[in-house]
Structures are given as C-alpha cells and as structure tokens.
Amino acid sequence: MPELPEVEVTRQGIDEPLRGARVLGVRLGKALRWPLGCGSARLVGATLGPVARRGKYLWLPLAREGHAAGGLLVHLGMSGSLALHPGGAAADSAGAPGAHDHFDLVTDHGTLRLTDPRRFGAVVYAPALDRAPASKLLARLGAEPFDPALTAAKLHEALKARRSPIKAVLLGGEVVVGAGNIYACEALHRAGVHPLARSDRLSAARAGRLLQALRATLAQALALGGSTLRDFSDVHGAAGAYQAEAAVYGREGLPCPRCARPVRRIVQAGRSTFYCAGCQRR
DNA sequence: AGTTAAACCTGGTTGC
DNA sequence: TGCAACCAGGTTTAAC
C-alpha cells in the first residue's frame, strides 16, 4: 500500500481529531509484524500529541501530566490503513472489530482502528523516537524528500556513493525515503531516467531532475489523496485517486502518455518495474 | 558491497 | 466450477 503520500494523507486525517485525546483502552487482534511492546497500562490515561511522520512511519506521541511518555510507532505495511471512528466517550464507537482489524486505540475523541489484511504493518511502543525499538527501525532511513536541506547537489552526492540501479536505490529508502514501487516508477518516468541506470552514473543535472520529479510525483499523489489499488483508504474511508494518473505503473503494454511507445515491465529485486524505453534513458 | 531470494500474511485475479 | 499459480502499496534477514 502505503507509500509516503498515503501515510501523509493518513497523518493529516488523524492529527487534528486526535490532538489531546485521552487513551481509554487498547484492543489487540491478530499479531502484526511485531508485538506492541508494552502493556495497556502504559497507554491508558495518556494523552496524544501532534502526529508526526518519518518516511512511511507515523509517530503518535503520548504524554502524562504534561510530560512526554513515549509513543506509538505505526507502519501500514503493504495493505494497512487507519480509520478514525468519532464517537465521543463511546468506547465502542468503532463497532466490533472485523477479521482484519488488528489494533484499536480507544480514546475520548473516538477510536483509531488499524485494518491490515496482510499484517505486514506494525504498531510498536517506544519510550521515545530516539530510543529502541523506534531508533532501530528509523536508523537507516534517508532524507525526507521535501526537506529543503535535501538539495540537488546533496542528492547527487549521495547517489554517487551507490552502484545499484537507481530504481533499487529509490526503493531502498536509505538515500531518500518515501517512494515505494508506484512512485519510484512514476518519478523515474517523469524525470526521464531509466530504472536500470546506475545510481553513481547519474549526472548532477539528472539527479536534480530526479529530485524535482520525485517531489512533483509525491505532491501530486498527496493532493489526490494517494493511490488506492485495492486496500488503501483515508481515515474517513475514502479512496485515493492518483492511480488513474499513473503514466507507467501497472500499465504494461499500454502506450506511454508522452511518447506512445508501449510501457515495459521488468523485475528488479523481486518487484515489478514499469518504464518507457522511449523516454527514459540510462 | 551488490543483488537476489525468502520470509512474514491474506486475498484477488488469471489460467488451465 | 474448481483449483493452482501468480500477483500485490513494504521491510527485514539470510545467503550467494
């Protein structure tokens, strides 16, 4: 599922409504990727602060009597989505959990519910963002794509240190976070860069174009509410609309919108890569 | 250091 | 209609 735009859409959907909410209880369904890492006593009675995002992770900070009291690190995996069921103090405003509802955070502002059929997602307690297990999960993450400190020159420099194909580098997230399979393909197409181009062989100009393309792609997806291939929806249950805008992703054999040559599909690192041999050069 | 594969899971689609 | 094979937004770990 969820790449940066979908995670950010989710963050924006829960941030305001949950600000200052008091945790009333926790419901756990089937195990997710990792155990929660704390008992409900650590969560109940705490209040939620502003929801942050790092890469594809959400951070829900908790406080007690005005003091930071750790937080929950949430990842949506491949098929996860969060829904917020408003309901005042009604603890069961979300209704009984369905087969794929694996985590409920019941608060006095409503119930935050994680639905994740494939259970690749995670909800993990950490005493702070820079403490385990959060620190370990975030340790290898690269730059935020919209961080102004990430300049074309900085990106170029980082890309020069990698010899992998550029698609693999984007997907890896150790240079720049946020692009998953859809947006990596789309950003490369927009930039005119071949997915098999070696990272360290991109010129400074092309690195700059790639950064611009990545930002434009992610921003457009964000504006459209993300992509919904099957599972994803925002916190109100609405689907994203970006998938209809995709130039290459999922369009094998269909004409490239720019040059009309058929979109090709190859496999890199076990993932499908879609590209146009006409307008993406090595 | 790189690339690849397998692992974690469920469900939808495709093809025989 | 049934069933097997394959595919899917991510990430971690192990192996060549």
Side-chain angles (χ1 to χ4, degrees), chain A residues 1-11 29-35 53-58 73-82 97-103 114-124 132-142 158-187 195-201 214 217-218 221-222 224-234 239-246 248-253 265-274:
Chain A
M1 103 56 138
E3 305 182 33
L4 184 145
E6 292 77 24
V7 177
E8 180 59 21
V9 162
T10 302
R11 190 198 68 78
K30 280 191 186 175
L32 291 161
R33 179 180 262 271
W34 300 295
R53 179 190 57 73
R54 177 73 177 99
K56 298 169 189 170
Y57 288 91
L58 292 173
L73 195 64
V74 178
H75 197 291
L76 300 177
M78 279 283 247
S79 59
S81 58
L82 287 172
H100 302 306
D101 300 330
H102 306 306
F103 177 80
L114 173 66
T115 303
D116 184 4
R118 293 179 70 180
R119 288 195 276 137
F120 289 169
V123 182
V124 175
S135 56
K136 192 182 175 209
L137 293 170
L138 305 179
R140 301 182 66 83
L141 296 188
L159 293 181
K160 276 196 294 188
R162 311 265 168 167
R163 267 157 282 198
S164 307
I166 187 64
K167 162 80 182 319
V169 171
L170 284 180
L171 216 46
E174 295 182 18
V175 169
V176 56
V177 297
N181 210 30
I182 298 176
Y183 302 119
C185 291
E186 292 299 313
L196 289 171
R198 259 176 58 156
S199 175
D200 59 347
R201 288 186 46 205
L214 177 62
T217 302
L218 295 176
L222 186 53
L224 289 171
S227 297
T228 298
L229 295 192
R230 44 171 59 89
D231 296 311
F232 180 74
S233 60
D234 69 18
Y242 179 86
Q243 66 279 1
E245 302 295 316
V248 288
Y249 183 83
R251 291 176 44 83
E252 182 182 14
R265 172 181 174 270
I266 58 175
V267 175
Q268 291 178 280
R271 314 293 301 280
S272 288
T273 294
F274 300 90

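Here is the naming used below: chain letters follow the sequence lines, and residue numbers restart at 1 for every chain. What you see is a predicted model; the values in this text were computed from it and never measured.
The CG atom of N181(A) sits 5 Å away from the P atom of dG9(C) (whole-angstrom rounding). One interatomic measurement links the two molecules: CD1 of I166(A) to P of dG2(B), which rounds to 13 Å at whole-angstrom precision. Atom pair W34(A):CH2 and dA7(B):C1' shows a separation of 13 Å (rounding to whole Å applied). One can place CZ of R118(A) at 12 Å from C1' of dT11(C), the figure rounded to the nearest angstrom. Atom pair R140(A):CZ and dG10(C):P shows a separation of 18 Å (rounding to whole Å applied). Per the geometry, OH belonging to Y249(A) stands 8 Å off P belonging to dG10(C), to the nearest Å. dT4(B) atom C1' lies 14 Å from atom CG of L171(A), rounded to whole Å. Here the C1' atom of nucleotide dC9(B) and the CG atom of L32(A) are 11 Å apart, to the nearest Å.
Annotation: side chain of L32(A) is in contact with side chain of L114(A) (closest heavy-atom distance under 4.5 Å). Using a 4.5 Å cut-off on side-chain heavy atoms (C-beta onward), I182(A) and L229(A) make contact. No side-chain heavy atom of R11(A) sits under 4.5 Å from any side-chain heavy atom of V7(A). At least one side-chain heavy atom of N181(A) sits less than 4.5 Å from a side-chain heavy atom of L171(A).
Of the two residues contacting DNA chain B, namely A161(A) and R230(A), the nearest-nucleotide position lying further toward the 5' end is that of A161(A).
If you check distances only, the side chain of R119(A) never reaches the base of dC9(B) with a donor-acceptor pair under 3.5 Å. The base of dA1(B) does not come close enough to the side chain of R162(A) for any donor and acceptor atom to sit less than 3.5 Å apart. For R33(A) against dT11(C), a side-chain-to-base donor-acceptor contact under 3.5 Å is present.
Side-chain nitrogen and oxygen atoms of H102(A) include none within less than 4.0 Å of the OP1 or OP2 phosphate oxygen of dC9(B). Note on Y242(A): every side-chain N or O is 4.0 Å or more away from OP1 and OP2 of dG9(C). Here K56(A) reaches the OP1 or OP2 of dT11(C): one of its side-chain N or O atoms lies under 4.0 Å away. Close to dA8(C), at under 4.0 Å from its OP1 or OP2, lies a side-chain N or O of S272(A). Phosphate contact (OP1/OP2 of dT3(B), side-chain N/O of R163(A), threshold under 4.0 Å): absent. OP1 or OP2 of dT3(B) lies within a sub-4.0 Å distance of a side-chain N or O belonging to S164(A).
Here the side chain of S227(A) is nearest to one of dT11(C), dT3(B), dG9(C), namely dG9(C). Of the candidates dC8(B), dG9(C), dT12(C), the closest approach to any side-chain atom of L137(A) belongs to dT12(C). Closest contact between the side chain of K136(A) and the listed nucleotides dA8(C), dT13(C), dT11(C) involves dT13(C). Picking from dC7(C), dG9(C), dT10(B) the nucleotide with the shortest atom distance to the side chain of D231(A) gives dG9(C). Comparing atom distances between the H75(A) side chain and each of dG10(C), dT12(C), dG9(C) picks out dG10(C) as nearest.
Using atom P as the reference point in both dA5(C) and dA6(B), the two lie 15 Å apart (nearest Å). Spacing of C1' atoms, dG9(C) relative to dT3(B), comes out at 22 Å, to the nearest Å. Separation of the P atoms belonging to dG11(B) and dT11(C) is 22 Å when rounded to the nearest angstrom. Here, dA5(B) and dC7(C) have their P atoms 13 Å apart, quoted to the whole Å.
With a cut-off of 3.5 Å on both pairing distances, the Watson-Crick or G-U wobble partner of dG15(B) is dC3(C). Checking dG9(C) for Watson-Crick or G-U wobble geometry (two distances, each under 3.5 Å) identifies no partner in any strand.
Comment: R162(A) engages E174(A) in a salt bridge, judged by a side-chain N to carboxylate O separation of less than 4.0 angstrom.
In terms of modelled atom types and a separation under 3.5 Å, the side chain of T228(A) and the main chain of F232(A) share a donor-acceptor contact.
G270(A) comes within contact range of no nucleotide atom at all, as no heavy-atom separation falls under 4.0 Å.
Ring-to-base geometry places F120(A) in a stacked arrangement with dG10(C) (centre distance under 5.5 Å, plane angle under 30°).
Just one residue in the list Y249(A), Y242(A), F274(A) forms a ring-ring contact (aromatic ring centres under 6.0 Å, His included) with Y183(A), and that residue is Y242(A).
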